[in-house]
Amino acid sequence: MLFQNAFLENASTQVSFRVQDGRFSEIDPDLVPLSGEETVDLGGKLVLPPFVESHVHLDTCLTAGDPVWNMSGTLFEGIECWSKRKDKLSREDIRERVNRAVRMYAANGVQFIRTHVDVTDPKLTAMQALIELREELRDVMEIQIVAFPQEGILSYPNGKELLTEAVKMGADCVGAIPHFEFTREYSVESLNFAMELAAKYDKLVDVHCDEIDDEASRGLETLAARALEMQMFDKVTASHTTAMHSYNNAYVLRLMRLLKMSKINFVANPLVNTHLQGRVDTYPKRRGITRVKELTAEGINVSFGHDDIFDPWYPMGNGSLRDVVFMGLHVCQMMGYEDIMNSYHFITDNAAKTLHLGDRYGIAEGRPASFIVLDAKNYYDALNQNAAVLASYKEGRKIAEAIPAVRRTLF
Ligand code: FE2
């Protein structure tokens, strides 16, 4: 099949590309159809690699208002709401919601998801459900599972055993939550435990790291030091790291050297952390977003995630990563022309690097023909106009499409 007249990423001229046996076989401006070959005229639209959701909690998604709404919008009321919802958590409940969320994501051009799954549950119900779904949905959505100890590894009964059991069940990544542990000592020990567990079972690591406005929360330096010493490097990801917003600059200057040496990835979640951080401030109120601009300038890999979708902690979300990028650029003050044009990297290549997708990802000859077509000619316009994802192809097969809305003025 030949796809013609596409703007690939930020290219200024159009190209065509051929898909054979589910892979990109040729990419060239001058391709002509073979005899009898099916052609698709993309009409000068933007083609990108598929969007990659690098941080979400699918086990809690689509539960906002059930049974009660979070009226204050705070993290702590969110935890109260979730404890009421948790009573009716079942395998069927999780399966139904995750299936809906995956379809919302697919309609918005997402083909890869890293989901954190709470394993501070003696029954590991969500873990079991997500492992089933990862297999069932594999043809349309690649799901990566982080065993996430929401209530701590050292601070929750049998936390170490539950995390280990989740890894044995088939989690792809080991998580931790150092800022939530009872003590600083527990925080360090929890990170050591998670890293050693990941090394033992050859898993990736993705830590909810310092998601708090406390400038004294410094799990990140321990995580980065272990990643360096254990030579796990970019197998390790630090998610959120919102305390970095509050660190003093002298400390960050010293920390940045370690971060670069460690080669770890970062995931920022601009929607949720703008909403949740700074809640105990009066004025001025901190934004509480990690230092995306500075990390990026230092060549450190940063991606953006949605984190929560319509759940007790975040009451919005429709599976569109466009909104994540839009908020991220505003709150990180990255609104220069080049910043905007290149911002799709936060939800494509950078996220793919975090997920270790390797050469299974990206638009290049020989790679799987997975791509999306947006109703715009470049990403600046796509972002500004909230362009529809006209089509999403996974390994040469169309898995989602959209007919853009028509809006007319009548004057
Ligand atoms: Fe999270």
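Order of listing sets the numbers, starting from 1, for every ligand and every atom in it.
The aromatic rings of Phe304 and Phe346 lie parallel to each other, with less than 30° between the two planes, well short of the 60° mark.
Rounded to 10°, the angle formed at the Fe ion (ligand 1) by NE2 of His55 and NE2 of His208 is 90°.
Looking only at N/O/S atoms, His240 comes nearest to the Fe ion (ligand 1) through NE2. As for Asp307, its N/O/S atom nearest the Fe ion (ligand 1) is the one called OD1.
More than 12 heavy atoms of other residues, nucleotides or ligands lie within 6.0 Å of CZ in Arg100, so this atom counts as buried by the packing criterion. With a 6.0 Å radius and a threshold of 12 heavy atoms from other residues, nucleotides or ligands, Lys88 has its NZ atom above the threshold.
For the pair Lys203 and Tyr201, the cation does not sit on the ring face, since its NZ or CZ is not both under 6.0 Å from the ring centre and inside 45° of the axis.
Distances from the Fe ion (ligand 1) show that Glu211 has no N/O/S atom below 2.8 Å.
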